[in-house]
Participant: 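Provided herewith is a single structure, encoded as structure tokens, for subsequent inquiry.
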There are 2 protein chains.
Amino acid sequence: MTTATARRTPADKHDERRRALADSALLTLGELGYARSSLREIANNSEFSHGVVHYYFQDKLELIVYCVRQYKATCVHRYDGVVADATTADGLVAAFADKLVETVVDEAPMHRLWYDLRSQSMFEDSLRDAVLQIDQTLEDMIWRVVSTYADLAGRPAALTSRVAYGLLDGLFQQALLGHLCGREGVLDELRAEVHDLMPVLLVP
Amino acid sequence: MTTATARRTPADKHDERRRALADSALLTLGELGYARSSLREIANNSEFSHGVVHYYFQDKLELIVYCVRQYKATCVHRYDGVVADATTADGLVAAFADKLVETVVDEAPMHRLWYDLRSQSMFEDSLRDAVLQIDQTLEDMIWRVVSTYADLAGRPAALTSRVAYGLLDGLFQQALLGHLCGREGVLDELRAEVHDLMPVLLVP
DNA sequence: GCGTTTCCTTGACAACCGTCAAGACTTTTC
DNA sequence: GAAAAGTCTTGACGGTTGTCAAGGAAACGC
């Protein structure tokens with residue numbers, strides 16, 4: 001046993017278990033949503049029993065907030081590669097649009113869970129802190145794309161990061177709903193919409 | 001009893017009661033959201049008892065869909081006056097932005113209920129038909145504003161009604177969340193954002 | 001190898017949910 | 001005014017929920 005693995009004993013094990021439990025829970029949450037996911041259902045879709053939740057989390061709310069925080073923590077780096085690899089403005093837009101479409105398809109359950117939680121935060125103020133923090137990291141994520149796009153295009157951005165995020169989020173949410181409803185062509189529409197929108201985010 | 005009031009006997013009374021019950025239910029739904037609104041809580045905040053719901057509605061889902069449909073039916077005409085009274089492009093934008101801000105403040109509970117229901121429809125397909133229909137009427141509502149704006153400005157719209165709705169809805173939703181979280185200046189921001197956005201919806 | 005701590009399961013609890021049947025009250029009809 | 005139809009209340013049902021205590025199982029320290 002090396003010192004590196006020996007270090008992983010006291011509270012690290014605890015955190016590791018929380019992460020594993022959250023990973024399991026995300027499967028159920030993405031399928032049923034916030035309100036209809038009971039702790040028993042979450043536990044049934046995992047390797048644990050329903051009682052273990054209260055050993056690692058204070059209550060249901062803490063578990064769910066932890067879950068979404070954990071997912072979004074990796075989510076916010078989705079476009080890092082797109083930004084890093086971009087050499088031209090048009091290339092960045094194309095890669096960004098493709099990645100958006102890809103995540104609508106591949107991670108639809110996680111995205112609808114996020115929108116579910118954000119809607120719930122409009123009613124439950126105990127959710128608002130976490131939602132506002134996550135929303136800010138998403139705004140920053142989008143802004144890294146837009147500001148890089150502005151640099152490559154040699155034109156400054158025409159609006160705030162807040163607006164840029166709001167606009168793109170609106171289109172994304174619309175596409176997600178359309179995709180989940182089985183609407184044809186919604187993915188190609190999203191791609192085209194992003195291609196149309198990005199240029200107008202910069203000053204002429 | 002005139003023939004006009006005598007006409008209001010068979011099924012009209014039934015519909016009238018449904019509307020009254022839905023009006024009461026909307027108060028609770030706007031306060032607690034879809035998931036946490038029980039039929040008993042809805043009934044407690046009304047003049048009826050909890051059993052009466054199943055006399056006028058088949059189940060909880062039908063009640064809630066009926067409620068949101070009823071609210072949105074009047075909601076989609078909110079900007080009709082703005083469109084009818086507009087004489088200049090800039091005037092239309094100003095009146096539209098003011099009206100948006102006004103409804104964020106005055107009808108926040110109803111709007112968050114709508115976003116709640118739309119999020120739930122991503123999980124429950126029994127909600128999707130109603131949500132998609134309502135969403136379409138909202139898109140049409142926005143398009144009446146944008147197309148009138150284009151006419152007054154003498155420039156054609158640069159994008160589809162779908163995109164216009166998606167963009168504005170994104171900003172609106174963001175402002176609503178900010179307003180409910182007590183963020184300062186969010187209303188003025190929304191007004192300014194709409195002023196910035198509208199011109200770019202038209203071809204240069 | 002034993003005692004202690006940590007981890008997890010099981011079972012029970014009180015509360016709440018949607019639904020519906022039984023019946024009381026009201027209104028209409030003849 | 002009695003009968004019928006419509007309207008609404010009450011109370012109960014089976015089921016599910018979050019929570020937690022009791023205790024078994026496993027890991028750990030010495």
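Note on naming: letters A, B, ... go to the chains in the order of the sequence lines (proteins, then strands), and numbering restarts at 1 for each one.
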Participant: Tell me the interatomic distance from B:Tyr56, atom OH, to D:dG6, atom P, rounded to whole angstroms.
Facilitator: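 Taking OH of B:Tyr56 and P of D:dG6, I get 12 Å after rounding.
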Participant: When you measure from the centre of the six-membered ring of A:Tyr66, is the NZ or CZ of A:Arg18 closer than 6.0 Å and no more than 45° off the axis?
Facilitator: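 Yes; both conditions hold, so A:Arg18 lies above the ring face of A:Tyr66.
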Participant: Closest nucleotide of DNA chain C for A:Val52 versus for B:Gly51: which of these residues is on the 5' side?
Facilitator: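 Looking at the nearest nucleotide for each, A:Val52 comes out on the 5' side.
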Participant: For D:dC8, does either OP1 or OP2 sit under 4.0 Å from a side-chain N or O belonging to B:Arg17?
Facilitator: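 So the side chain of B:Arg17 is within the cut-off, an N or O lying under 4.0 Å from OP1 or OP2 of D:dC8.
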Participant: Could you walk me through whether B:Asp169 and A:Gln174 satisfy the side-chain contact (heavy atoms from CB on, under 4.5 Å) test, starting with their C-alpha distance in whole Å, then the side-chain angles of each, then the deciding distance to 0.1 Å, before giving a yes or no?
Facilitator: CA-CA 9 Å; B:Asp169 189 58; A:Gln174 198 175 59; over 6 Å; no
Participant: Begin from the C-alpha positions of B:Leu63 and B:Leu39 and carry the test side-chain contact (heavy atoms from CB on, under 4.5 Å) through to its verdict.
Facilitator: CA-CA 10 Å; B:Leu63 166 66; B:Leu39 295 182; 4.0 Å; yes
Participant: Please work out if B:Ser38 contacts a base, only the sugar-phosphate, or nothing of the nucleic acid, heavy-atom cut-off 4.0 Å.
Facilitator: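 Sugar-phosphate: the residue B:Ser38, judged by heavy atoms under 4.0 Å, touches backbone atoms but no base.
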Participant: Look at the rings of A:Tyr115 and A:Phe172 and say which category their plane angle falls in: under 30° parallel, 30 to 60° tilted, over 60° perpendicular.
Facilitator: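 The arrangement is tilted - the two ring planes meet at 30° to 60°.
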Participant: I need the CZ-C1' distance between A:Phe57 and D:dT19, as an integer number of Å.
Facilitator: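 Whole-Å distance recorded here is 16 Å.
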Participant: Between D:dG18, C:dT6, D:dG6, which nucleotide gets closest to the side-chain atoms of A:Tyr55?
Facilitator: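 Minimum distance to the A:Tyr55 side chain belongs to C:dT6.
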Participant: Picking from C:dT19, C:dA12, D:dC8, which would you name as closest to the side chain of A:Arg40?
Facilitator: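 Selected nucleotide (nearest to the side chain): C:dA12.
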Participant: Can you measure A:Glu16 atom CD to C:dC7 atom P for me and round it to whole angstrom units?
Facilitator: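 Taking atom P of C:dC7 as the reference, CD of A:Glu16 is at 12 Å.
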Participant: On DNA chain C, check which nucleotide each of B:Leu39 and A:Phe48 is closest to and give me the residue with the more 5' one.
Facilitator: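 That would be A:Phe48.
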Participant: How long is the line joining NE2 of B:His14 and C1' of D:dC8, in whole Å?
Facilitator: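 Taking atom C1' of D:dC8 as the reference, NE2 of B:His14 is at 12 Å.
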Participant: Starting from P on C:dG11, measure out to NE2 on A:His54 and report it in whole angstrom.
Facilitator: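 Checked: the NE2 to P distance equals 18 Å.
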Participant: Can you figure out which of D:dG11, D:dT7, C:dT10 approaches the side chain of A:His50 most closely?
Facilitator: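 Per side-chain heavy atoms of A:His50, the pick is C:dT10.
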Participant: Rounded off to whole Å, could you give me the CD-to-P distance for the B:Glu62 and C:dT19 pair?
Facilitator: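 Taking CD of B:Glu62 and P of C:dT19, I get 11 Å after rounding.
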Participant: Round to the nearest Å and state the distance from A:Ile42 atom CD1 to D:dT16 atom C1'.
Facilitator: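 Taking CD1 of A:Ile42 and C1' of D:dT16, I get 14 Å after rounding.
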Participant: If the plane angle is over 60° it's perpendicular, under 30° parallel, otherwise tilted; pick one for A:Phe96 and A:Tyr79.
Facilitator: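 Ring orientation, 0 to 90° scale: perpendicular.
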Participant: So which nucleotide from D:dT7, C:dT19, D:dT9 ends up closest to the side chain of B:Asp59?
Facilitator: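 Looking only at side-chain atoms, B:Asp59 lies closest to C:dT19.
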Participant: Round to the nearest Å and state the distance from B:Lys13 atom NZ to C:dT27 atom P.
Facilitator: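 To the nearest whole Å, that distance equals 9 Å.
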